[in-house]
Amino acid sequence: MHNIGILGAGLIGASWASFFAAKGLKVRIYDVNSEVKENALQTANDNLQRLVNLKMLTSKAAKTGQQNLQTVDSMKALLTDMDYVQESVVEDYAIKADVYREFEQYASLSTILASSSSGLLMTRMQSVMKHPARALIAHPFNPPHLIPLVELVPGEQTASSIIDTVKTFFVQLGKHPVVLNKEVQGHIANRLAAAIWRESLALLDEEVASVEDIDAALCQGPGLRWAMMGQHLIYELGGGEGGYQKFFDTIGASFEEYWKDMQDWTTIPEAVKQKAVAGTQAYLEQKNRSEWTAWRDQKLAQIQQVLSEE
Ligand SMILES: NC(=O)C1=CN([C@@H]2O[C@H](COP(=O)(O)OP(=O)(O)OC[C@H]3O[C@@H](n4cnc5c(N)ncnc54)[C@H](O)[C@@H]3O)[C@@H](O)[C@H]2O)C=CC1
Ligand SMILES: O=C(O)[C@@H](O)C(=O)[C@H](O)[C@@H](O)CO
């Protein structure tokens, strides 16, 4: 697959455009909002240069990538002779349904449609399609041009061959695809993030600690391990010579007590949202959002460079 379509070019679509262009693929960018589309082109060009500065891309590859990026003015122009489309339009079933119906007016039967959706169910999204077998979720983590994870989630009508094709495609591009056997809201990573986020909010609400200390307790502790290990492996090691079973039999029992005492919100209280927004302002006194984003991207690149030195 060489012709890549970016359908929806906001925050994630622009980063996807950067990623595919960095890999030497031909990338067409479309968004219903022309200003967003042109901004995405500029962002993708800027990101390619940033990848050079981060020593994650050669200048030659960046130049080729910039030459391979183009914006188009219609879905028809986006989808003509298109191999693979990464859909990153607004996270809304109705909007995605309209986009999928329009997609099928112009895309050939062989064109793969992959949604970036953070947690919508592909079965519901592909239900409006005449040819749903070629649609799946390929959910990234922000920013996809720097974070390798992509969660592949089939809908009930997705062909298994499409999952295999897209998994191979992403592995060849240096991504780390994980394949879900069945769809669940939020997939894997966002469900894990949701559990941590809820308790981060609860600890703030119960005035256990400040926003910055709650965040630091995460990124200066377990977060460092999470860059290379997940909870299962971490606790296999946490059990010492007795391994995971020892961990279950000893420390694990304490976690059962924590769970009894932890929040089980299914909606976020408005007062908590206000506390979190207020508490986060302290970060913006240190750096503005663009500076935090640049700092994040630099650290993400450095971490991955270290982790690649096996
Ligand atoms: N923001 C994030 O950190 C992440 C977002 N995602 C997912 O990516 C998707 C996009 O999210 P964002 O980039 O954050 O949203 P965004 O709001 O930045 O971009 C969405 C874009 O879709 C465009 N759009 C709306 N209707 C359209 C149509 N009919 N045709 C073409 N373009 C249309 C909008 O103009 C907008 O530019 C969502 O499904 C979201 O769940 C996935 C991972 C991370
Ligand atoms: O965290 C991410 O980048 C992704 O997993 C998401 O889909 C989040 O929901 C994102 O929309 C907010 O960070």
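First listed ligand is number 1; within each ligand, the first listed atom is number 1.
Residue-ligand proximity: Glu102 is placed with every non-hydrogen atom at 4.0 Å or more from ligand 1.
Both the backbone and the side chain of Val89 come within 4.0 Å of ligand 1, counting heavy atoms alone. Looking at Val36 against ligand 1, only its side chain comes within 4.0 Å, counting heavy atoms. The side chain of Ile95, and not its backbone, has at least one atom closer than 4.0 Å to an atom of ligand 1 (non-hydrogen atoms only; side chain from C-beta on).
To the nearest 0.5 Å, the span separating CD on Glu212 from CG on Asp215 amounts to 8.0 Å. Taking OH from Tyr93 and CG from Leu120, the interatomic distance works out to 4.5 Å, rounded to the nearest 0.5 Å.
Near Gly10, with a cut-off below 4.0 Å to any heavy atom, the atoms of ligand 1 are 13 (O), 18 (O), 19 (O), 37 (O). In the vicinity of Asn142, heavy-atom distances shorter than 4.0 Å reach the ligand 1 atoms 3 (O). For ligand 1, the atoms lying closer than 4.0 Å to a non-hydrogen atom of His139 are 42 (C), 43 (C).
Note: no N/O pair closer than 3.5 Å links Gly13 and ligand 1 by distance alone. In terms of polar-atom proximity, defined here as any N/O pair under 3.5 Å, Lys96 does make such a contact with ligand 1. At a 3.5 angstrom cut-off on N or O pairs, Tyr30 does not count as close to ligand 1. Any N or O atom pair closer than 3.5 Å counts here, and Leu7 shares no such pair with ligand 1. Taking only nitrogen or oxygen atoms, main chain and side chain alike, Glu87 does not reach within less than 3.5 Å of ligand 1. Residue-to-ligand polar distances place Ser118 within reach of ligand 1: an N/O pair is separated by less than 3.5 Å.
None of Asp46, Asn45, Asn39 except one satisfies the side-chain hydrogen bond (donor to acceptor under 3.5 Å, both in side chains) rule with Gln42; the exception is Asp46.
Stacking of Lys175 on the aromatic ring of Phe19 is recorded, both the 6.0 Å distance cut-off and the 45° axial limit being met.
Considering only non-hydrogen atoms, atom 13 (O) of ligand 1 lies nearest to Ile12 out of Leu120, Leu78, Ile12. The nearest non-hydrogen atom to atom 39 (O) of ligand 1, considering only Glu91, Gln86, Lys37, comes from Glu91. Here the shortest heavy-atom distance to atom 28 (C) of ligand 1, taken over Ile147, Val99, Asn190, Asp31, belongs to Val99.
Side-chain contact between Ile4 and Asp83 is absent, with no heavy atoms from C-beta onward closer than 4.5 Å.
Salt bridge status for Asp73 with Lys37: present, with a side-chain N to carboxylate O gap under 4.0 Å.
Of the possible polar contacts, one joining the Gln86 side chain to the Ala138 backbone as a donor-acceptor pair under 3.5 Å is found.
By the 30° and 60° cut-offs, the orientation of the rings of Tyr283 relative to Trp292 is perpendicular.
When ring centroids are compared, Tyr235 and Phe247 come within the 6.0 Å threshold. In summary, the aromatic rings of Phe248 and Phe255 are positioned with their centroids too far apart to meet the 6.0 Å limit.
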